[in-house]
Structure formats: structure tokens, C-alpha cells
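Report on the following structure.
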Amino acid sequence: MSAYVLGNKNNNNEEGVFPDDTIDPFDNPRIEYLSQYLSRTQGKALGLVTTSDVFDATPAANAVHTSNRGAGTGIVDQYLDDRKLTGLSVLMGGGRKWFLPSSVPGSARSNANDYQFSATDPHTADIVKRWNAAPGKLDKDRDLISDFQSAGFKYASDLTSLNAVDVKSTDKLLGLFAYSNMNVALDKIDGRRNVAKGINGRVVDDYGFPDQPMLEEMTTKALRVLQKNKKGFVLMVEGASIDKQAHNMDTERWLLDTIEFDKAIKVAQEFAEKDGQTLVIVTADHECSGVALIGGSTVTDARLQELTKEGGASNLRDKVVGVYEKAGFPKYIIGADGYPATTDIDYRLLVSYGANSDRFEDWRTNSLPLQDSQQPFSKSTPLTAYPANPAARDVDGKFMVTGQVPGTSAVHTATDIPISAMGPGAWSFTGVLDNTDVFFHLAQAAVKGVVAPNFGKAVKRP
Amino acid sequence: MNISRIGQLLALPLCSMLSSVPAIAAPQITRLTPPSELFSSGAEAPVIARFLPDQRFDLQATIVPDSPEKTIVKAVFLVNGQEINLPVALKSCSEGCLPKIAKNTAIATLRAISQTKPGVHNVQIEVTQSDGQKSKATGNFEIVPWQVGGQKIKNIIIMLGDGMGAAQRTAARIVANGYAQGKSKAPLAMDTFSCLWPN
């Protein structure tokens, strides 16, 4: 993410800074973000919408300067305290645990991951003086939701309260829909379908947040608030758990999150088509897990369950995996809510992983996601019932796929990723781009106007 | 043997002893920020750090004195040979630096500077040690020029699919919309964006 909004590469774990030789993660040499530059020079507002915990690296690497992506207390404090630098007006996602005073159960606030610059030592006092940044405070007992509200942000805690926000009277909006990362699309939809049937939603109920919005609902509201700013806005919308579930090699969960992300893209596209002055790009920070669409199942779901009982590669691989013409064309029936009625269809799509860690594979949808260690209650029931890692589930089928990476999760890969663009200036995203080039194209379009490339010549880097 | 010859014999070993005394050291600059190949390897290209005209960033250097009892007393930053006329923050590593860093190391920082002029710029640090010895190091960065453009964009929307590569998009298309005799029945919304390039 950071390369797209800084024009510069950051090391792993860094957000908006260059490396240094000090221990303090908040004193690193800073680089001005796109949001900060456009807020300062043009008065643009900033919106950040994600399905992850809002402290997470993708949203934070649009607004916060730190060399430690895990320093949650300082990160969320900086969102509010430096809102005049970034123009932050909309912040939505999970991550309520960082906003609750440390005495409240579930809070993750701690002075150990917070910051406070010196009033006298110029090494950090100059950050305040020359960047006009807030000095920070070691304040684990801060009620950050209340402070956001005092700063003029309306607060929504679930879909119901999000829908109730009156846009006419709202210029700033904070939404925190889970303690840490929000539940994924598959589990949220399962919750909504179960509620419609009058029964509990399982995963979302276990997590304690039965009424979480979908990403397109968050995006719709964000746009309605942001578009009121006459000077314009920068909005970053993240489908965060495509990556998180790809790490877990949980095919159906990252796949439905990609569908959810696409529905949010449709909202942005419709806005841009109507508006005529909006540039929309769709991209990724990197690929995760080396996804490979290897083929389709040659058997029904019922037969697959029988083969799981018989077990082993000779059954679950050799009698199931259809490649080339044997893959067929998997047909998923889409429900009225826009998601597959079931992901356990006959002759399903089969996915394998090139950057995999050890896992057992039985091709069927996992009823529970893996444990998320960032959830504050992951060590209490009912969350202790969730499988700990990919080698701890689907074990009965005895089909172990040996990992090519050590550890318990699939990893990011270095392969190129596609970038899609629409709106005025879309054509400037030509040729194979370095991710830092994206920053210069976005800034050019906003500050000096769009530039048509010369398609007759080799592409020049900015 | 006469005295002049003894003198000659004695002179030879003295010369060879003097030539084996090591050269006098100087403070070492171990890091210069923004990072550059010019500083790391001496190569002027590729330029690593690029900025917009007037985009703010910090200059910083890590400076190690040549022996434990010395300190760094002065650090000055120059861009294209011109001294930046702002006070440099000099921090001692007596506390707060990484464990492998010597305690008399200094971190020199100049916050929130920017450059307007397009092109590659040299950045230099000149340091003075407590015994008067000086050292310098050079790096570079680039200011990417504006181009003359047409319509200005009012709003930017970045849709970020974390971890979403091409295969993930294909899989979503297959499941969401299906295929008939090999043809996708409907595109995803992201498939209908006019431009698609590798990145």
C-alpha cells in the first residue's frame, strides 16, 4: 500500500517512513503521504474503509508514520490527533479494541505501543514543530471513541447504527464494527441467512458482532459523506481478508471476500460514472499464497464426502481432481443476496496453492474459519473451538499437502499484480508499472491534470 | 666500522617501523536518508528516493566517531552544495538507539524539507568530530517533474484487494457469474474498468 501513496518503497512493517537506527518506532524519518499532500495543497478529505482492524497496515499506510505496523495504540491515536494533516474524515472497519480504555475487557491499548514526543529534545520535538504533528501522549486509558466524537465524528457500531447515520448532518464518520478484524463475507452472509431463518449466525455470534456491514454498505455511506467536501477526497477501500484467508488457504473464504470486494468496486464505479471527475483504481498490494486454479471436481459433493472417509491422496486427489477438459465448468447458484447459495456444489472449482505451508485438503468448505490471534477473546470459549492452523483441520481425509514454506501459513508472492483504472487519467497507468509510479500518476492527475500517454513510443517512467 | 655506516644501518629499521603505523581514522557516516545507491555503492543510478515538487520528507544521517571517547559536535546538510539554513537536531545514542549501535554514535535529523526544482539532487552531510576531524557523505534523490495536463481529478478512489492477484480475480469471476461453453457469462465490476496493466 505505502508505495502507492508515498512514491517510495518501505521496508516490511514500515508505514510512511524510512528506516533508522533508533528504537522508537514513531521517530523515523517521515515521507509526506498523498493524502497529506493533497489535504495541505488542495484541501482534500481522506476516507479509509476496510474489513480489517483499522490499525492494520493497509489503512494505516495512508495516514500514519511508524516503523512498527503492530504499534496499535499509537497508530489509532495518530489517526485522530493528526487529522488536520491528512484530512481524515471517514474511518471505518474493525479494531474497536484499540479505542477502548485499557481497563475495559477486550481493550488492547497499552503504553508499550504508544508514543509521546519530547517537548525539548529536537530529535522528536522537531516532528511537532516542523510537521505540525501532535506530540502524542502515553495514554492507555484514553477513551478514543469519545475523543473522535468530541472532534465531530459521528460513531456507528454496527449496520443498524450505520444506516441510521443522517448524512445531511454528518461531515465526519467513525465506524468500528468488531474488536479486531471483521468477520469475512462467507460468515457474515451465513449470519444474515440464519437470522432470516430465525436461528443464530454461528461465527458472527461467537465473535459477538451479529450485525456487521458488508463492504459495499460501508463504501456507499463513506462516499455519501465524503462527496460533501467541495475540494474533493481521497478514499481507500480495502477488501482485507482476501489476503488473510489466502494465508489460511481457506479457499471459499477468500473467494467470497473477493466477490464482496467486487460489489464495493461496483459502488465506486457507479459513483465515478455519475461524477465524471473521479479516478478509480483497483489493485492489490501483492499476491498472497500463489493461488492456482487447477481444475474442477469430477465428483459430486456426496461422493466427495464418501472419498474423504476412505482417505488419502489416492482417493481425494486421484479420484477427484479433474484437469484440462475434465475440469468442466463449475456452476454455482447465486442466491438473492448475491452470494452462492452453497459453496459445496457438485463438480466444484478446485484451487491449490503455490506458496503453501502444510495443510490437509478435503476440498470442502470449512464450517469455521481458523483462529485469529488478534481477536482479544480468541483464548476463551467459544473461539477456542476454532482450528488453530491449516494443518489442524480436514485431518480425517488424510490428504496432507506438504508445504513449500516453513510455518503455518501461506505467504505473499512476488508476482506482478493487475491494476485496473477508470475515469479521467485512467490511460496514464500504462506499461508495466513500478508500484511507486502509481503515486506520481495519481498526484499528476489531481494537481496538474491528466496526461494522455503516447502509445506509439516505449513507456517513459515518471 | 666508522660511525656513518652504523647510522645508515640503524636508519633502515626505523623507516620500516614508521611505515607500518596505521593511517588516522575519521568519523564514519553509516546511514544517509533518504536512501540512495549513490551513498550505498557510489552508483548514481537508479535513484531510489523520488518525490513530488514540494512533497515533504526528512533528512537524516547516522554518524559514528572513530573512537569511544569522541563525540560528534556538528552536522550540516547541503543540497546541491548549498547549506540548508535550518537547525539540525543532533541526538546522541547514549540511549534510545538499536543495541548494535555504539553509544557515542550521533543521529542528525532535519525534518520536513522539500524541493521544488525537478531533477536529480545531491544531498550531502558534513560532520565535525570533537577533536576537529571532519567527514562527509553524499547521496541523491529525485524530484519528479509535473507535466502539462488536461482535466484535473477531484476525487481519487483506491480499491485495494489485499493479496488479490490475477488468479483470485478469475476464481471470483467463475463462482460469481459462471461460464457457458467456455465463455464467461458476465464480467465482474472490476473487469469492466477500461484499463488493465501489470504492476
Side-chain angles (χ1 to χ4, degrees), chain A residues 7 18 21-23 29-32 122-123 126 130-131 232-240 242-243 246 255 258-259 261-262 265-266 268-269 277-282 284 287-288 291 329 331-332 416-422 424 426 429 432-433 440 442-443 445-446 448-451 462, chain B residues 31 33-35 49-52 55-58 60 62 87 89 91 96-98 101 105 107 109 111-112 144 146-172 174-176 178-179 182 188-190 193-199:
Chain A
F18 288 119
D21 293 306
T22 69
I23 294 171
R30 297 182 164 201
I31 309 154
E32 190 172 28
H123 177 74
D126 280 358
R130 295 191 48 77
W131 283 91
F233 61 83
V234 176
L235 169 63
M236 194 287 298
V237 176
E238 184 197 14
I242 303 168
D243 175 76
L255 206 157
T258 309
I259 295 175
F261 180 56
D262 193 61
I265 291 171
K266 187 155 200 282
Q269 183 179 39
Q277 302 181 79
T278 302
L279 176 55
V280 187
I281 63 172
V282 180
E287 196 275 347
C288 181
V291 165
F329 297 110
K331 284 182 181 50
Y332 292 78
D416 284 0
I417 34 171
I419 177 166
S420 305
M422 70 160 287
F429 294 91
V432 176
L433 301 157
F440 294 100
L442 292 175
K448 295 291 180 185
V450 302
V451 178
Chain B
R31 185 192 292 279
T33 298
R50 298 186 295 166
F51 306 99
L52 297 168
Q55 180 184 5
R56 292 177 177 164
F57 58 98
D58 294 346
Q60 192 173 79
T62 303
K91 172 193 161 59
C97 293
L98 297 174
I101 306 287
T105 301
I107 314 271
T109 311
R111 301 271 183 191
V144 175
W146 296 121
Q147 297 176 66
V148 174
Q151 176 188 1
K152 288 193 190 153
I153 294 302
K154 185 176 175 199
N155 311 310
I156 291 170
I157 301 178
I158 301 172
M159 302 299 298
L160 202 299
D162 203 311
M164 185 182 77
Q168 284 85 341
R169 293 171 66 140
T170 310
I174 291 170
V175 172
Y179 280 69
L188 297 171
M190 66 178 97
F193 279 47
S194 23
C195 303
L196 178 74
W197 306 97
N199 153 37

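As a basis for the values below, the full set of heavy atoms in this structure was taken, side chains included, without hydrogen atoms, waters or symmetry mates. Here is how names work: the chains are called A, B, and so on, in the same order as the sequence lines, proteins then strands, and each is numbered from 1.
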Legend entry - 4.5 Å side-chain heavy-atom contact, K448(A) and Q147(B): no
Legend entry - Note, F329(A) side chain near I174(B) side chain (heavy atom, < 4.5 Å): no
Legend entry - Heavy-atom closest pair, residues F440(A) and L52(B): CD2-CD2, 3.6 Å
Inset, instruction - Take N155(B) and L235(A) through the side-chain contact (heavy atoms from CB on, under 4.5 Å) test and state the conclusion after the steps. - result: CA-CA 8 Å; N155(B) 311 310; L235(A) 169 63; over 6 Å; no
Legend entry - Nearest heavy atoms of C288(A) and Q168(B), plus distance in Å: O-NE2, 3.2 Å
Legend entry - Pairs of heavy atoms under 4.5 Å with chain B: top-ranked of A446(A), P29(A), P122(A), G7(A): P29(A)
Inset, instruction - With the side chain counted from C-beta on, respond yes when T278(A) and I157(B) share a heavy-atom pair under 4.5 Å apart, and no when they do not. - result: yes
Inset, instruction - Quick one: which of I259(A), L442(A), I281(A) has the most heavy-atom pairs under 4.5 Å with chain B, could you say? - result: I281(A)
Inset, instruction - Report the option among M190(B), R169(B), K91(B), R56(B) that has the most heavy-atom pairs separated by less than 4.5 Å from atoms of chain A. - result: R56(B)
Legend entry - From CE (M159(B)) to CD (Q269(A)), nearest 0.5 Å: 10.5 Å
Inset, instruction - Could you check whether the rings of F18(A) and F51(B) sit parallel, tilted or perpendicular, using 30° and 60° as the cut-offs? - result: perpendicular
Inset, instruction - Considering non-hydrogen atoms only, spot the tightest contact between D58(B) and W131(A) and give its length. - result: OD1-NE1, 2.8 Å
Legend entry - Contact class of T33(B) relative to chain A, heavy atoms under 4.5 angstrom: side chain
Legend entry - Choice from A49(B), G178(B), A176(B), A171(B) maximising heavy atom contacts with chain A below 4.5 Å: A171(B)
Inset, instruction - Go through A112(B), G165(B), A167(B) and name the one with the most non-hydrogen pairs under 4.5 angstrom from chain A. - result: A112(B)
Inset, instruction - Among the options V237(A), L433(A), V234(A), pick out the one with the most heavy-atom pairs lying under 4.5 Å from chain B. - result: V237(A)
Inset, instruction - Measure distances from L188(B) to the heavy atoms of chain A and classify the residue's part below 4.5 Å as side chain, backbone, both or neither. - result: both
Legend entry - Over all atoms of both residues, closest heavy-atom pair of A284(A) and G161(B): CB-O, 3.1 Å
Legend entry - Leading residue by heavy atom contact count with chain A [cutoff under 4.5 Å; candidates M164(B), Q60(B), R31(B), K152(B)]: R31(B)
Inset, instruction - Enter the distance from R30(A):CZ to F57(B):CZ here, rounded to the nearest 0.5 Å. - result: 15.5 Å
Legend entry - Sub-4.5 Å side-chain heavy-atom contact between T22(A) and L98(B): no
Legend entry - Selection from V451(A), D262(A), I242(A), L255(A) maximising heavy-atom pairs under 4.5 Å formed with chain B: D262(A)
Inset, instruction - Ignoring hydrogens and angles, state whether a donor on the side chain of R130(A) or T109(B) is under 3.5 Å from an acceptor on the partner side chain. - result: no
Legend entry - Heavy-atom pair with the smallest gap, counting every atom of E238(A) and D162(B): OE2-OD2, 2.8 Å
